[in-house]
Asks: 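This structure is in C-alpha cells; I'll ask about it shortly.
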Amino acid sequence: MVYTSNPCPRTESTKSNERERKIYRVTIYGAIANIILCLFKLAAGIVGRSSAMIADGIHSLSDLITDFIVIAFVRISSKPQDRGHEYGHGKYETLATTIIGLMLLFVGLGIMWNSITHIWSCLNGGTLQSPGWIAFVAAILSIVVKEALFQYTRNQGRQLQSQAVIANAWHHRSDALSSIGTAIGIGGALALGSHWTILDPIAALIVSVLIIHASIEQLRPSLGELVENSLPEPVEAEIIKTILSFDGVKDPHNLRTRKIGNRDSIEVHVRMDGQMTLDKAHNITRAMEKKLKEQLGEGTFVIIHVEPIK
C-alpha cells in the first residue's frame with residue numbers, strides 16, 4: 001500500500017499567491033532603490049572623475065538585473081502542480097538562486113581583476129585620477145541604503161522561506177561592501193592626496209574577496225538542491241524518530257528526502273502488521289503525515305509505502 005500526501009491544491013494556491021505577492025513587493029522596493037542609486041552613482045562617478053564609483057554604479061546595475069530575475073522566476077515557481085511538474089515548480093526558484101549566485105561570483109571576480117590591474121599600474125609608476133567629493137558622498141549614501149535593503153530583504157526572505165529573495169539580499173550586501181571599499185579609497189585619496197590613490201584598488205580588492213565568499217555561500221545550497229542532495233542527516237534522523245513514535249510502525253527504511261524550492265519531500269517505506277485493517281493503517285499514516293508536516297512545514301510532500309509484516 002502506498003500512501004501519498006500532497007497539499008490541498010486550493011489552500012496551497014491561496015498561500016502561494018500571497019507568498020508571490022509579498023516576494024514581488026520586497027523585490028520591487030529593491031528594484032526602485034537600485035534604479036535611483038545606480039543612476040546617482042554613475043553620475044557621481046562621471047562628475048567626480050572616479051572610476052571606482054563608476055564600477056560601483058555598474059555593480060548596482062547588476063543588482064537591478066537580479067531583481068528582475070527574482071520576479072520572473074518566482075512567478076514560474078509559484079505555479080501549481082501539473083502533469084509535467086507533479087512536485088510543483090519550486091526548482092525554478094532554486095535555479096534563480098543559482099543564477100544570482102553566479103552573477104555575484106562574476107561581479108566579485110570582475111572587481112578583483114580590475115583592482116589588481118590598477119594596483120599593478122600604480123606599482124609600475126602609473127597614476128590614478130583624484131576623485132571629487134561627490135563620489136565620496138555617493139559611496140556613503142550607497143552604504144546606508146544598501147545595508148538597509150539587505151536587512152529588510154533578508155528578513156522578508158526568511159519569513160517567506162525564499163532562497164531567491166535571501167540570495168538577492170546578499171547581492172544588496174555585496175553592493176554595500178563594494179561601496180565601503182570605494183568610500184575608503186576615495187576618502188583616502190581626498191585626505192592624503194593623489195599619491196595615495198592606490199588605496200582605492202587595494203580596498204576594492206579586499207571587498208572583492210568578501211563578495212566572492214558571499215557568492216559561494218549562496219551557490220553551495222542551491223547547487224546541492226539542483227543535484228538532488230538529501231536533507232541534512234539530523235533532519236533525517238528526526239524523521240525516523242517521528243515515524244517510530246507511532247505504535248504498530250516498524251522498520252522505516254529506504255528513506256529518500258530532498259528539497260524542492262521552499263518545500264521538503266519525503267518518501268519512506270515502513271512495515272505494519274499484516275492483520276491490521278486498511279482503515280487503521282490509513283489513520284496511522286495520516287497521523288504520521290500530520291506530525292511530519294508540523295516539523296517540516298505544511299507544504300511538505302509525503303509518500304509512505306506500507307509493507308505487511310507476515
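Numbering of residues begins at 1 and proceeds along the displayed sequence. We use all heavy atoms of the structure for the numbers below, so side chains are in, but hydrogens, waters and symmetry mates are not.
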Asks: Using the ring of each side chain (for Trp, its six-membered ring), is His269 parallel, tilted or perpendicular to His305, with breaks at 30° and 60°?
Replies: parallel
Asks: Measure the OG1-NE2 distance between Thr277 and His282 for me, rounded to the nearest 0.5 Å.
Replies: 11.0 Å
Asks: Can Ile28 be reached from Leu149 by stepping across I, L, V, M, F, W or Y side chains whose heavy atoms are under 4.5 Å apart?
Replies: no
Asks: Side chains of Asn254 and Val268, heavy atoms from C-beta outward: is any pair under 4.5 Å?
Replies: no
Asks: Would a hydrophobic clustering, with Ile, Leu, Val, Met, Phe, Trp and Tyr connected at side-chain separations under 4.5 Å, put Trp170 with Leu109?
Replies: no
Asks: Considering only heavy atoms from C-beta outward, does the side chain of Arg158 approach that of Ile166 to under 4.5 Å?
Replies: yes
Asks: Would you say Leu190 ends up clustered with Val137 if hydrophobic residues are merged whenever their side chains have heavy atoms under 4.5 Å apart, either directly or through other cluster members?
Replies: no
Asks: Taking Phe246 as the starting point, is it possible to reach Ile304 by hopping between hydrophobic residues whose side chains are less than 4.5 Å apart?
Replies: yes
Asks: Measuring only between side-chain heavy atoms, which start at C-beta, is Ile243 closer than 4.5 Å to Val270?
Replies: yes
Asks: Rounded at 0.5 Å granularity, tell me how far CE in Met272 sits from CD in Glu307.
Replies: 11.0 Å
Asks: Can Asp175 and Lys41 be counted as an ion pair, charged N to O under 4.0 angstrom?
Replies: yes
Asks: Once you round to the nearest 0.5 Å, how far does CG of Asn114 lie from CD1 of Ile119?
Replies: 10.0 Å
Asks: Verify the cluster assignment for Met276 and Val306: are they in a single hydrophobic cluster under the rule of side-chain heavy atoms below 4.5 Å apart?
Replies: yes
Asks: Kindly determine whether Lys146 and Ser179 satisfy side-chain hydrogen bond (donor to acceptor under 3.5 Å, both in side chains), including the steps that lead there.
Replies: CA-CA 9 Å; Lys146 297 302 288 190; Ser179 294; over 6 Å; no
Asks: For His213, I'd like to know if atom NE2 has over 12 heavy atoms of other residues, nucleotides or ligands within 6.0 Å.
Replies: no
Asks: To the nearest 0.5 angstrom, please state how far the CD atom of Glu147 sits from the CD1 atom of Ile143.
Replies: 9.5 Å
Asks: For Phe150 and Arg173, which heavy atoms make the closest approach, and how far apart are they?
Replies: CE2-NH2, 2.8 Å
Asks: Calculate, to the nearest 0.5 Å, the distance between atoms OG1 and NZ belonging to Thr242 and Lys290 respectively.
Replies: 14.0 Å
Asks: Run the side-chain contact (heavy atoms from CB on, under 4.5 Å) check on His172 and Asn34 step by step: do they pass?
Replies: CA-CA 9 Å; His172 291 315; Asn34 279 329; 3.5 Å; yes
Asks: Would you confirm whether Ser121, through its side chain, and Thr117, through its main-chain N or O, come within 3.5 Å as a donor-acceptor pair?
Replies: no
Asks: Mind checking the OH-OG1 spacing from Tyr29 to Thr153? Nearest 0.5 Å is all I need.
Replies: 11.5 Å
Asks: I'd like to know if Lys291 pairs up with Glu294 as an ion pair, taking the criterion as any Lys NZ or Arg NE/NH1/NH2 lying under 4.0 Å from an Asp or Glu carboxylate oxygen.
Replies: no
Asks: Do Ile284 and Met288 come close enough that some side-chain heavy atom pair is under 4.5 Å?
Replies: yes
Asks: I'd like to know if the side chain of Ser142 and the backbone of Ala138 have a donor-acceptor N/O pair within less than 3.5 Å.
Replies: no
Asks: Measure across Pro252 and Leu244 and return the closest heavy-atom pair with its distance rounded to 0.1 Å.
Replies: CD-CD2, 3.3 Å
Asks: Any side-chain heavy atom of Ile266 within less than 4.5 Å of one from Ile303?
Replies: no
